[in-house]
Amino acid sequence: MDNNTSLIGRIERGEDISAEELSRLISSHTAEDLDYICGKANAVRKRIYGDDIYVRGLIEFTNYCRNDCLYCGIRRSNKNADRYRLTREQILDCCETGYVLGFRTFVLQGGEDGFYSDDDICRIVSEIKEKYPDCAVTLSIGEKSRESYRAYYNAGADRYLLRHETADNAHYAKLHPNELSLENRKRCLYDLKDIGYQTGSGFMVGSPYQTADTLAEDMLFLKELDPHMVGIGPFIPHHDTPFAAEKAGTLELTLFMVALTRLMLPHALIPATTALGTVAFDGRERGILAGANVVMPNLSPRDVRKKYLLYDNKICTGDEAAECRSCLERRMNGIGCRIAVTRGDYKQ
Ligand code: 5AD
Ligand code: FES
């Protein structure tokens with residue numbers, strides 16, 4: 001057995017792996033290693049979640065953002081971004097549409113937009129939970145104080161997504177402006193878990209200045225945090241950001257990292273991301289076959305979809321919610337899976 005194969009076996013058995021070993025595996029893996037690890041990860045997904053793929057209805061409710069992350073198309077310095085906000089009524093309309101389509105999780109995602117007070121967010125969350133008590137609400141609205149996180153939780157929010165983006169301090173500083181720190185990002189994640197949220201973290205693959213070493217740190221951080229959800233997608237440049245001329249992350253390395261995550265955190269909820277579907281026409285299917293078990297189609301109103309552009313060439317921005325839903329159903333059926341009409345909670 002060659003070195004990488006035996007290392008993958010050790011990871012699968014839950015053994016501790018050093019940063020050096022992870023880094024070597026990430027930088028030296030071959031096409032055969034990728035096939036091998038995807039097969040293992042897919043088997044682990046099946047053992048824990050069967051053929052069920054969970055769906056989340058993504059509602060991108062504001063593209064205003066006070067932050068200025070260098071990679072992100074809705075960063076505050078992007079004067080070309082056409083800004084919008086959805087009203088409470090519009091958000092509830094999205095949920096209504098989504099419920100009929102079989103969504104039992106609604107993800108409210110937005111830039112860090114001070115327009116919505118904590119009370120506004122709480123009111124939106126509690127109204128959704130009142131109308132749809134059988135649904136989960138996920139928030140993805142960035143870094144907040146512990147008190148704010150607690151208030152949303154008390155209002156009924158079940159889950160929270162906040163990718164750590166990179167677990168390496170120096171790399172973090174190259175992707176973000178000075179006022180943002182990895183330290184506060186981690187504080188947020190530990191607060192969220194502590195409060196009781198099903199908590200999601202994750203990172204982009206192929207972001208500028210990323211190395212096999214920083215990816216190894218990402219994996220070790222995930223192991224330590226032990227989140228319920230892990231979002232991993234390729235970095236894709238956005239034409240109105242400082243990273244406009246950078247290269248996108250590859251399908252292959254993203255799949256490798258998804259598979260590695262499934263082996264290291266067997267129970268995690270892992271989406272086959274829209275970004276993965278953007279770099280390859282069958283990217284989301286391949287994500288599932290690399291161990292992912294969640295898809296997150298867009299429920300945002302059609303007229304705002306093209307405005308929530310974190311990166312270029314994002315797919316599905318011209319489709320109706322129902323079209324995305326049936327498209328994904330078809331795609332999942334095509335690889336022997338089915339979309340489950342359930343909240344799709346973390347399985348212990
Ligand atoms: N390419 C890929 N993913 C991106 N994100 C932000 N900008 C980009 C980009 N240019 C990801 C970040 C963020 C999530 C909502 O989208 O990881 O956490
Ligand atoms: Fe808004 Fe990055 S620019 S989170």
Side-chain angles (χ1 to χ4, degrees), residues 2-8 10-11 15-34 36-38 41 68-72 75 162-178 180-186 189 201-225 227 230-238 241-265 268 270 273 275-276 278-280 283 286-287 290-292 310-311:
D2 83 2
N3 229 321
N4 285 345
T5 312
S6 71
L7 203 49
I8 291 168
R10 283 174 52 207
I11 293 169
E15 292 176 24
D16 279 336
I17 307 292
S18 71
E20 293 70 33
E21 288 172 312
L22 276 169
S23 176
R24 187 157 35 80
L25 177 63
I26 292 164
S27 61
S28 74
H29 77 266
T30 62
E32 290 73 45
D33 294 332
L34 176 61
Y36 182 73
I37 196 171
C38 285
D68 217 19
C69 311
L70 276 74
Y71 46 81
C72 184
R75 64 201 302 268
L162 183 71
R163 292 189 182 173
H164 67 277
E165 313 295 359
T166 173
D168 180 89
N169 270 306
H171 186 210
Y172 199 93
K174 289 180 181 161
L175 301 180
H176 300 97
N178 275 332
L180 294 176
S181 71
L182 179 58
E183 190 192 359
N184 194 52
R185 199 74 165 185
K186 288 186 176 174
L189 285 163
S201 192
F203 55 90
M204 293 176 286
V205 173
S207 61
Y209 312 106
Q210 185 176 66
T211 64
D213 285 347
T214 66
L215 283 169
E217 289 184 73
D218 288 323
M219 296 314 299
L220 291 179
F221 171 67
L222 286 178
K223 188 88 193 156
E224 177 195 299
L225 175 68
V230 184
I232 299 173
F235 160 76
I236 302 172
H238 183 289
T241 63
F243 291 158
E246 300 288 335
K247 281 206 301 286
T250 64
L251 173 73
E252 286 75 18
L253 186 55
T254 307
L255 294 173
F256 193 84
M257 298 312 296
V258 166
L260 199 51
T261 302
R262 172 60 69 206
L263 294 187
M264 288 180 73
L265 301 173
I270 305 177
T273 56
L276 200 48
T278 298
V279 295
R286 304 216 12 212
L310 308 185
Y311 49 82

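None of these values were measured; they are calculated from a predicted model.
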Legend entry - Any residue meeting side-chain hydrogen bond (donor to acceptor under 3.5 Å, both in side chains) with H164, in chain and number order, not counting sequence neighbours: S201, D218
Legend entry - Atom of R75, atom of C69 and distance for their closest heavy-atom approach: NE-O, 2.9 Å
Legend entry - K223, NZ: over 12 other non-hydrogen atoms inside 6.0 angstrom: yes
Legend entry - Heavy-atom closest contact (A216 atom, I26 atom, distance): N-CD1, 3.9 Å
Legend entry - For E32, all residues meeting salt bridge (Lys or Arg N to Asp or Glu O under 4.0 Å), sequence neighbours excluded: none
Legend entry - G291 to R262 - nearest heavy-atom pair and separation: O-NE, 2.7 Å
Would you be so kind as to tabulate the donor-acceptor pairs closer than 3.5 Å made by side chains of residues 250-261, with sequence neighbours excluded?
residue	atom	partner	partner atom	Å
T250	OG1	L253	N	3.1
T254	OG1	T250	O	2.7
T261	OG1	M257	O	2.7

Legend entry - Qualifying residue for side chain to side chain contact (heavy atoms under 4.5 Å, CB included) with I37, from L7, I11, I8: I8
Side-chain donor/acceptor pairs under 3.5 Å, residues 202-213, sequence neighbours excluded:
residue	atom	partner	partner atom	Å
S207	OG	H171	NE2	3.4
Q210	OE1	G206	N	2.4
Q210	NE2	M204	O	2.9
T211	OG1	D213	N	3.2
T211	OG1	T214	N	3.1
D213	OD1	S23	OG	2.5

Legend entry - Set of side-chain contact (heavy atoms from CB on, under 4.5 Å) partners for P177, sequence neighbours left out: D68, L70, E179, L180
Legend entry - side-chain hydrogen bond (donor to acceptor under 3.5 Å, both in side chains) assessment of S181 paired with N184: CA-CA 5 Å; S181 71; N184 194 52; 5.6 Å; no
Legend entry - Non-hydrogen side-chain atoms of L34 and C38 separated by less than 4.5 Å: yes
Inset, instruction - Can you sort out the partners of R185 under salt bridge (Lys or Arg N to Asp or Glu O under 4.0 Å), two or more places apart, ordered by chain and number? - result: E143, E165
Inset, instruction - Enter the distance from E217:CD to L220:CG here, rounded to the nearest 0.5 Å. - result: 8.0 Å
Legend entry - H238 side chain reached by T241 side chain, heavy atoms, under 4.5 Å: yes
Legend entry - side-chain hydrogen bond (donor to acceptor under 3.5 Å, both in side chains) partners for D168, two or more places apart: none
Inset, instruction - Only counting residues at least two apart or in another chain, list the ones meeting salt bridge (Lys or Arg N to Asp or Glu O under 4.0 Å) with E15. - result: R10, R13
Inset, instruction - Any chance you could measure L225, atom CG, to L222, atom CG, to the nearest 0.5 Å? - result: 7.0 Å
Legend entry - T273 vs I232 side-chain heavy atoms within contact, under 4.5 Å: no
Inset, instruction - Using side-chain hydrogen bond (donor to acceptor under 3.5 Å, both in side chains) as the criterion, list what pairs up with S28, not counting sequence neighbours. - result: N4
Inset, instruction - Would you give the length of the straight line joining atom CZ of R24 to atom CG of N3, rounded to the nearest 0.5 angstrom? - result: 5.5 Å
Inset, instruction - Can you see which heavy atom on L182 is nearest to which on T166, and at what distance? - result: CD1-O, 3.2 Å
Legend entry - Side chain proximity check, E246 to F235, heavy atoms < 4.5 angstrom: yes
Inset, instruction - For T278, enumerate each residue passing the side-chain hydrogen bond (donor to acceptor under 3.5 Å, both in side chains) test, keeping only those at least two apart in sequence or located in another chain. - result: none
Inset, instruction - Please step through side-chain contact (heavy atoms from CB on, under 4.5 Å) for the pair Y36 and T30, ending with a clear verdict. - result: CA-CA 10 Å; Y36 182 73; T30 62; over 6 Å; no
Inset, instruction - List the atom of A268, the atom of V230, and the distance in Å for their closest heavy-atom pair. - result: CB-CG2, 4.3 Å
